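Okay, structure first, notes after.
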Amino acid sequence: MPSTPNGLNPTDAAIIRLLVQDGRLSASEIGRQIGVSPRTVRHRIEQLRERGIIRVVTFVNPRALGYTITADIFCEVEMAQVETVAQQVMRFPQVSYVACSIGDQDLSLQAYFESTEALYNFTTQKLAQIPGIRKIRTVVVPKVLKSVYEWQLPQWAGPDE
């Protein structure tokens, strides 16, 4: 079975696409849909997990729990402190994503809040107090059209279902 440059074959890609749509699908159902045995599906899933290509996790919907404010926050940080500041920011439960950036901002993060007041308090009383942060820019995200959890394999990984 031919593989893509990253080692995925069409069976791997088909399994991943189905699991992205519904992570609870059984090996039997996946096998039925793509024409392979449930044993093959279980084996391929285990190999994909071992290679770090997929993880089995549960995602919490913040909005369903009352965290209706999503904010993208960009921090300008003293260069020698970027990693240290990032480690501190990662500890806040409101924060779902932290990344070092290249460009105008040194850290990018996304966080969820119950209100704009909670967002304001977070940026002024928590973030702004971290040594090394020079500037904070906040963007409220009123509507997410596609989430990182909905990312699909590119075309090179096999035909779309």
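The model shown is predicted, which means the values in this text are computed figures rather than measured ones.
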Hey, could you give me the [atom1]/[atom2] distance between [X] and [Y], rounded to the nearest 0.5 Å?
X	Y	atom1	atom2	answer
D12	R51	CG	CZ	6.5 Å
I15	H43	CD1	NE2	10.0 Å
E76	R137	CD	CZ	11.0 Å
Q94	T70	CD	OG1	13.0 Å
I54	I16	CD1	CD1	6.0 Å
R32	S26	CZ	OG	9.0 Å

For [X], look at atom [atom1] and say whether over 12 heavy atoms of other residues, nucleotides or ligands are found less than 6.0 Å away.
X	atom1	result
E83	CD	no
R134	CZ	yes
D104	CG	no

message: Do S101 and L107 make a side-chain contact, defined as non-hydrogen atoms from C-beta onward lying under 4.5 Å apart?
response: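 Not touching, per the 4.5 Å side-chain cut-off.
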query: Less than 4.5 Å apart, any side-chain heavy atom of P131 and any of E78?
result: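 P131 vs E78: side chains apart.
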message: If the condition is side chain to side chain contact (heavy atoms under 4.5 Å, CB included), which residues does I102 pass it with, not counting sequence neighbours?
response: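 So I102 forms no side chain to side chain contact (heavy atoms under 4.5 Å, CB included) with any residue.
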task: List for me each residue that meets side chain to side chain contact (heavy atoms under 4.5 Å, CB included) alongside T68, sequence neighbours excluded, and say none if there are none.
output: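 Scan of T68 (side chain to side chain contact (heavy atoms under 4.5 Å, CB included), adjacent residues dropped) gives R63.
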Tell me whether [X] shares a hydrophobic cluster with [Y], the cluster being built from Ile, Leu, Val, Met, Phe, Trp, Tyr side chains joined at under 4.5 Å.
X	Y	value
V98	Y112	no
F113	V144	no
V82	M90	yes
I45	I53	yes
Y97	I69	no

Heavy-atom pair with the smallest gap, counting every atom of [X] and [Y]:
X	Y	answer
I34	A14	CG2-CB, 3.6 Å
A27	R42	CB-CG, 3.6 Å
Q129	T124	NE2-O, 3.2 Å
I133	C75	CD1-SG, 4.3 Å

- prompt: Can Q33 and E29 be counted as having a side-chain donor-acceptor contact under 3.5 angstrom?
  reply: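 On atom types as modelled, these side chains qualify, holding a pair under 3.5 Å.
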task: Begin from the C-alpha positions of I73 and L119 and carry the test side chain to side chain contact (heavy atoms under 4.5 Å, CB included) through to its verdict.
output: CA-CA 10 Å; I73 303 170; L119 167 58; 4.3 Å; yes
task: Step by step, work out the side chain to side chain contact (heavy atoms under 4.5 Å, CB included) result for V77 and I130.
output: CA-CA 10 Å; V77 180; I130 296 175; over 6 Å; no
field: Within residues 106-131 or reaching into it, pairs that qualify as salt bridge (Lys or Arg N to Asp or Glu O under 4.0 Å) - sequence neighbours excluded
entry: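 Qualifying pairs, neighbours excluded: none.
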task: Run through V139, L109, I136, T138 and flag the one making a side chain to side chain contact (heavy atoms under 4.5 Å, CB included) with F74.
output: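 For F74, the side chain to side chain contact (heavy atoms under 4.5 Å, CB included) test succeeds with only one of V139, L109, I136, T138, which is V139.
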